[in-house]
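Please read the structure below before turning to the comments.
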Protein chains: 2
Amino acid sequence: MARKRQSQRVTSYEVAKLAGVSQATVSRAFTAGAQIAKDKKDRVLAAAKQLNYYPNSIASSLASASTNIIAVIVGNLDNPFYVESLHAFITHLQASGKHVLSFTISQGKACDDAVLEALKYNVDAIIVTSAPLSNDLVSMTKGAGIPILLFNRSSDDPTLLSVRCDNFGGGQELGKVIYDAGARKVLILRGDPQGSTSRDRVAGFRLAVQDKAIEAVRIEEIDGNSSYDGARDAIRERFKGPNPTFPDAIYAVNDIMAIGCIDELRERFDLKFPEDIMIVGFDGIREGQLQPYKLTTIRQPINAMVLKTLELLAAIGDEEDTVKADSCVIPGRFFEGSTVTQMEQVGTKIP
Amino acid sequence: MARKRQSQRVTSYEVAKLAGVSQATVSRAFTAGAQIAKDKKDRVLAAAKQLNYYPNSIASSLASASTNIIAVIVGNLDNPFYVESLHAFITHLQASGKHVLSFTISQGKACDDAVLEALKYNVDAIIVTSAPLSNDLVSMTKGAGIPILLFNRSSDDPTLLSVRCDNFGGGQELGKVIYDAGARKVLILRGDPQGSTSRDRVAGFRLAVQDKAIEAVRIEEIDGNSSYDGARDAIRERFKGPNPTFPDAIYAVNDIMAIGCIDELRERFDLKFPEDIMIVGFDGIREGQLQPYKLTTIRQPINAMVLKTLELLAAIGDEEDTVKADSCVIPGRFFEGSTVTQMEQVGTKIP
DNA sequence: GCAGCCACTGAATGCGCATTCACAATTTTA
DNA sequence: TAAAATTGTGAATGCGCATTCAGTGGCTGC
């Protein structure tokens with residue numbers, strides 16, 4: 001049934017016949033940098049245009065063992081951060097003649113199935129953004145010689161390359177900001193408890209506020225499931241009952257949860273930010289910068305991270321294993337919104 | 001250089017040898033519904049597992065002329081509506097064993113390049129969400145026998161299948177709501193002036209408010225580029241200068257522009273919705289339902305639209321051209337937010 | 001007991017292209 | 001001018017699998 005298609009498609013043999021050359025020459029005409037005389041190439045291209053021929057990438061992939069397809073596995077498209085990342089990957093890969101095979105994983109599931117599918121298609125590389133990965137699969141990708149890269153997460157496996165933001169450093173910076181703004185009672189909204197990202201962001205924050213031994217900071221941690229709804233639920237649960245007491249500040253380890261917090265606290269308690277309570281997020285998603293939020297956060301340099309990832313990919317292609325894993329932590333950038341109380345600038349100017 | 005990979009990969013011949021069968025039998029073991037005895041199949045699968053074999057989909061695609069890949073071309077990932085659509089496509093296609101090759105098109109560009117790339121990969125179908133398409137390309141897809149479907153847009157070409165929301169009807173409904181709420185001076189924020197979507201939504205709206213001959217409605221139209229920033233710019237421009245006068249209501253033909261309007265008007269004039277000015281959007285994106293917006297809108301049934309699209313795809317596979325194009329307009333659903341003045345309910349209950 | 005049928009299997013072939021190899025047609029060098 | 005290097009080309013081959021075709025063996029029914 002699907003069979004008729006192949007007869008409809010023009011092949012390089014037909015072009016070769018029309019152009020009066022061999023099929024090999026047609027192939028060369030469409031291969032950048034191939035050895036072919038200019039006049040023949042022109043003749044081939046003219047014949048190809050006349051017949052409406054375009055190369056069959058599938059056949060080409062089979063013959064050359066390179067598909068020009070990159071698999072991008074996205075953990076959670078409900079989080080705009082991953083949407084923006086996927087967008088950046090598609091845009092940049094498209095610009096360099098590659099293609100993106102997209103997979104999504106529902107929250108909390110392993111991405112093993114997606115990786116396996118990607119392997120079947122012999123993709124040139126696999127990029128995993130969040131989502132856990134089993135060791136078996138990693139060894140299968142190694143067996144297949146297909147590079148696999150982690151984006152925005154790290155792994156205990158040191159042979160796995162990963163590109164991520166400096167989550168620890170970013171957390172630290174936010175901790176400092178929150179402390180300097182005077183918060184001494186802080187609620188931390190964690191994301192995925194398994195994930196390295198949430199863990200690092202919390203650890204950096206804690207270090208920063210505990211460093212300041214001048215005055216103790218009381219910290220409480222709850223889980224927000226890395227999602228808007230999860231955050232709202234967690235906040236609702238935490239502050240249920242009559243007359244809840246609020247912390248001085250909330251640190252949500254990603255922006256989408258911070259937004260959930262704000263919405264929930266505004267709706268139920270009509271709280272003002274930062275007057276009643278301060279809040280910071282992490283990621284720098286567009287939604288956080290909408291006028292009703294103006295969230296103070298650490299902006300992840302998505303573009304730089306994506307470019308770095310693609311750079312690594314290219315490097316792997318060149319010389320197998322010479323890539324240093326430590327070069328792949330990129331600093332985030334503090335974004336001053338209006339959800340943290342402004343202190344007098346003098347203090348922060350001390351070198 | 002990329003060459004070594006192929007030697008690493010286990011092939012069906014090796015599995016065949018280990019299992020003591022022919023390669024053809026291995027192929028059958030991995031083909032659902034193929035004629036193969038149970039014991040042989042078990043033996044093959046065991047051997048495959050032992051060798052870590054998995055079929056090469058590229059080779060399989062070449063041999064069978066079906067890739068199980070669907071190209072999804074997304075016009076504008078800055079608009080959350082398209083993000084949600086892409087997400088839905090990926091999720092549903094993944095569930096049925098298909099794969100998504102994603103392309104994005106920058107605003108206003110034609111999607112010809114992406115279509116051509118998709119053709120090269122011999123995809124099973126091409127889905128285009130927004131973005132214009134040249135006639136040449138359409139005929140090429142026909143020549144290649146690859147179905148092409150429009151999502152959320154229509155075309156003058158009647159042979160092109162398209163699935164979309166009832167934009168005209170939705171616009172009409174919003175017009176009615178706005179009129180009934182008492183608005184007599186309305187500003188319409190158009191999207192892409194070329195696109196059928198914006199046009200239909202405006203036309204329906206106009207019909208509804210002009211229908212009510214009781215009292216004339218003054219309508220003004222400006223362009224918002226279908227984007228958040230575009231809407232903010234348009235609003236800023238429109239209401240610059242001292243003491244601008246505002247309309248009773250704004251109709252943004254999509255939610256993301258409505259949000260841009262709200263942000264701009266809040267920030268510069270501290271307007272309240274719906275007290276100072278009413279506003280409605282179209283799409284029903286998640287952002288519009290955040291607590292600070294609660295946008296009144298028409299929600300596009302993305303899931304239903306996506307499922308319908310995939311259904312059409314399946315139908316095309318079965319029996320060439322028997323698909324009726326008119327069955328593909330799906331009604332949207334009015335979502336009552338809090339950006340339109342509530343009227344007493346009595347009036348609306350009149351049959 | 002034999003024709004006929006069915007379920008299954010393996011050998012062979014081709015999908016469309018890239019690539020290797022050998023060779024012809026140049027051009028360069030000795 | 002002969003030899004060597006260079007460039008360009010076509011024939012042949014294989015990438016890994018699905019599929020067709022021609023069986024083989026077991027079964028049923030008469």
Side-chain angles (χ1 to χ4, degrees), chain A residues 1-17 19-44 48 51-68 119-124 144-145, chain B residues 1-17 19-44 48 51-68 119-124 144-145:
Chain A
M1 53 175 84
R3 168 137 294 261
K4 59 188 60 162
R5 182 181 309 155
Q6 61 201 48
S7 62
Q8 298 172 348
R9 186 155 186 168
V10 182
T11 72
S12 56
Y13 281 96
E14 302 171 50
V15 176
K17 201 163 120 194
V21 298
S22 72
Q23 178 272 326
T25 300
V26 175
S27 171
R28 288 183 185 111
F30 281 92
T31 305
Q35 204 179 44
I36 183 176
K38 177 142 190 353
D39 60 329
K40 296 245 173 183
K41 181 167 182 174
D42 291 346
R43 225 162 69 212
V44 170
L51 294 179
N52 246 332
Y53 167 82
Y54 45 93
N56 182 332
S57 297
I58 295 289
S60 149
S61 299
L62 220 215
S64 70
S66 159
T67 52
N68 277 329
L119 286 179
K120 287 187 189 168
Y121 277 89
N122 227 336
V123 296
D124 288 355
Chain B
M1 52 177 86
R3 167 137 293 262
K4 60 190 61 161
R5 183 181 309 155
Q6 60 200 49
S7 61
Q8 299 173 347
R9 187 156 183 166
V10 182
T11 73
S12 56
Y13 280 97
E14 302 172 49
V15 175
K17 200 162 120 193
V21 297
S22 73
Q23 178 270 328
T25 299
V26 175
S27 172
R28 287 193 261 261
F30 281 91
T31 305
Q35 203 178 46
I36 183 175
K38 177 141 191 353
D39 60 327
K40 296 245 174 182
K41 181 166 181 173
D42 292 345
R43 225 161 69 212
V44 169
L51 295 177
N52 246 330
Y53 167 83
Y54 46 94
N56 183 333
S57 297
I58 295 289
S60 148
S61 298
L62 221 214
S64 69
S66 159
T67 52
N68 279 328
L119 286 179
K120 287 187 189 169
Y121 277 90
N122 228 335
V123 296
D124 288 354

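Of the residues in residues 26-43 of chain B, those placing a heavy atom less than 4.0 Å from an atom of DNA chain D are Ser27(B), Arg28(B), in numerical order.
Scanning both residues, Gln23(B) and Ala16(B), for their nearest heavy atoms gives N-CB, 3.6 Å. The minimum heavy-atom distance linking Leu119(B) with Arg9(A) is given by the pair O-NH1, 3.2 Å.
Counting only heavy atoms from C-beta on, Ser22(B) has its side chain closest to dA11(C) among dA11(C), dG14(D), dA12(D).
At least one side-chain nitrogen or oxygen of Ser60(A) sits closer than 4.0 Å to the OP1 or OP2 atom of dA18(C). Contact annotation: Tyr53(A) side-chain N/O to dC17(C) OP1/OP2 distance is under 4.0 Å. Here Ser12(A) reaches the OP1 or OP2 of dC17(C): one of its side-chain N or O atoms lies under 4.0 Å away. OP1 or OP2 of dG10(C) sits under 4.0 Å from a side-chain N or O of Thr25(B). The shortest distance between the side-chain N/O atoms of Ser64(A) and the OP1/OP2 oxygens of dA18(C) is not below 4.0 Å.
In this entry the distance linking CD of Gln23(A) with P of dG16(C) reads 11 Å, nearest Å. One can place OH of Tyr13(A) at 8 Å from C1' of dC17(C), the figure rounded to the nearest angstrom. Whole-Å rounding puts the Leu62(A) CG to dG16(D) C1' distance at 6 Å. Atom NZ of Lys120(A) and atom C1' of dC17(D) are 14 Å apart (whole Å). The distance from atom CG of Asn56(B) to atom P of dC15(C) is 18 Å, rounded to the nearest whole Å. Rounded to an integer number of Å, the gap from Ile58(B) CD1 to dG16(C) C1' is 13 Å.
The closest side-chain heavy-atom distance from Ser61(B) to Asn68(B) is not below 4.5 Å.
Here the NZ atom belonging to Lys38(A) is positioned 12.5 Å from the CZ atom belonging to Arg43(A), to the nearest 0.5 angstrom.
The ring of Phe30(A) has its center closer than 6.0 angstrom to the ring center of Tyr53(A).
Residues satisfying the side-chain hydrogen bond (donor to acceptor under 3.5 Å, both in side chains) criterion with Ser22(A), sequence neighbours excluded, are Thr25(A).
Here the side chain of Thr67(A) pairs a donor or acceptor atom with the backbone of Asn122(A) at under 3.5 angstrom.
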